[in-house]
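Encoded as structure tokens, the structure appears first; notes follow it.
Side chains are part of it too, since the values below use all heavy atoms of this structure and drop only hydrogens, waters and symmetry mates. All chains are named by letter (A, B, ...) in the order of the sequence lines, taking the proteins before the strands, and each is independently numbered beginning at 1.
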Amino acid sequence: MNPPKTTNELMQRCQALAGLTLGQLARQLGAAVPANLKKDKGWAGQLIEQALGASSASKAEPDFPHLGIELKTLPIDQHGKPLESTYVCVAPLTGLTQQRWQDSWVCQKLSHVLWLPLLAERSIPVAERVIGTGFLWQPDAREMQLLQQDWEELMDLITLGGIDQIRGAHGQVLQLRPKAANSRALTSAYGTSGQPIKALPRGFYLKTAFTQQVLRKVFC
DNA sequence: ATTTGATCATGT
DNA sequence: ACATGATCAAAT
């Protein structure tokens with residue numbers, strides 16, 4: 001699929017997907033549907049990227065560079081409640097330490113998101129899971145402030161060497177969790193005295209309560 | 001090893 | 001029941 005040239009074109013393609021099951025979409029694209037997502041956790045997201053013409057899979061860029069839009073699927077239950085926290089990006093444990101919030105990876109990624117809800121209760125077979133109505137979102141002033149607050153708190157802990165004290169429970173809307181192949185993976189970080197150490201790579205995630213509010217604003 | 005896409009599955 | 005911590009696959 002070629003990349004959409006305009007936001008309008010992107011949203012039209014998105015509309016065309018609403019109501020389809022993953023099985024129907026996979027058949028259109030000639031893709032096989034896995035029996036479960038245990039070993040294909042990103043399958044649905046990548047299928048939808050392909051359907052919409054996202055051009056930068058596996059690159060550190062927005063999904064639609066020309067439009068500056070990031071695509072995120074959002075697994076929900078039948079009541080519209082997010083089933084999972086939403087992965088945003090990896091956390092820089094070294095390097096860009098004096099970064100301002102406005103320049104941060106998190107802020108840039110979240111500044112323009114195309115959310116695509118996906119009815120994905122685990123009791124529903126993968127092929128029968130239904131694609132919802134996608135919508136464009138930009139954080140309002142209140143949401144932006146909550147995100148910035150949590151980001152600054154977490155970045156302080158990282159730069160002050162508190163990486164191994166950070167747990168998922170930190171932060172109101174944004175949390176820091178492991179993001180690695182397994183718990184033995186290591187990357188560079190700062191220790192409690194500022195010395196270089198090796199630590200488990202982390203990523204930023206949006207908590208479900210936050211994404212639920214985003215959905216409510218749009219559908220209520 | 002990193003960054004993309006996330007969901008799994010156990011502990012609380 | 002739910003969130004936290006752990007994990008899987010592909011591309012680079």
As a check of understanding: the bend across the helix from dA1(B)-dT12(C) to dT12(B)-dA1(C), end axes from five pairs, rounded to 10 degrees, works out to 30°
With a cut-off of less than 4.0 Å, is there a side-chain N or O of Thr73(A) near OP1 or OP2 of dG5(B)? no
Are the aromatic ring centres of Phe204(A) and Tyr87(A) under 6.0 angstrom apart?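 That pair fails the under 6.0 Å test.
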Check: When we call it a touch if two heavy atoms are under 4.0 Å apart, what does Pro75(A) touch: a base, just sugar-phosphate, or nothing?
Finding: sugar-phosphate
- Task: Report which part of the nucleic acid Glu70(A) touches: base, sugar-phosphate, or nothing (heavy-atom distance under 4.0 Å, all strands).
- Result: sugar-phosphate
Residues pairing under side-chain hydrogen bond (donor to acceptor under 3.5 Å, both in side chains) where one sits in residues 117-126 of chain A, two or more places apart or in two chains, turn out to be none
Q: Not counting sequence neighbours, list each pair that qualifies as a side-chain hydrogen bond (donor to acceptor under 3.5 Å, both in side chains) and has a residue in residues 210-220 of chain A.
A: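 For residues 210-220 of chain A: Asp140(A)-Lys217(A), Arg142(A)-Gln213(A), Glu143(A)-Lys217(A).
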Quiz prompt | Set of residues satisfying salt bridge (charged side-chain N to carboxylate O under 4.0 Å, His left out) with respect to Glu152(A), sequence neighbours excluded | solution =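 With neighbours one apart ignored, the set is empty.
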Heavy-atom contacts, protein to nucleotides 2-8 of chain C, under 4.0 Å, summarised as B (base), S (sugar-phosphate only) or - (none) per nt, yield SSBBBBB
Going by chain and number, the hydrophobic cluster around Leu119(A) (ILVMFWY, side chain to side chain under 4.5 Å) further includes Ile124(A), Val130(A)
For [X], side chain to side chain contact (heavy atoms under 4.5 Å, CB included) partners two or more places apart:
X: Ala31(A); value: Ala26(A), Leu47(A)
X: Gln12(A); value: none
X: Glu153(A); value: Asp150(A), His170(A)

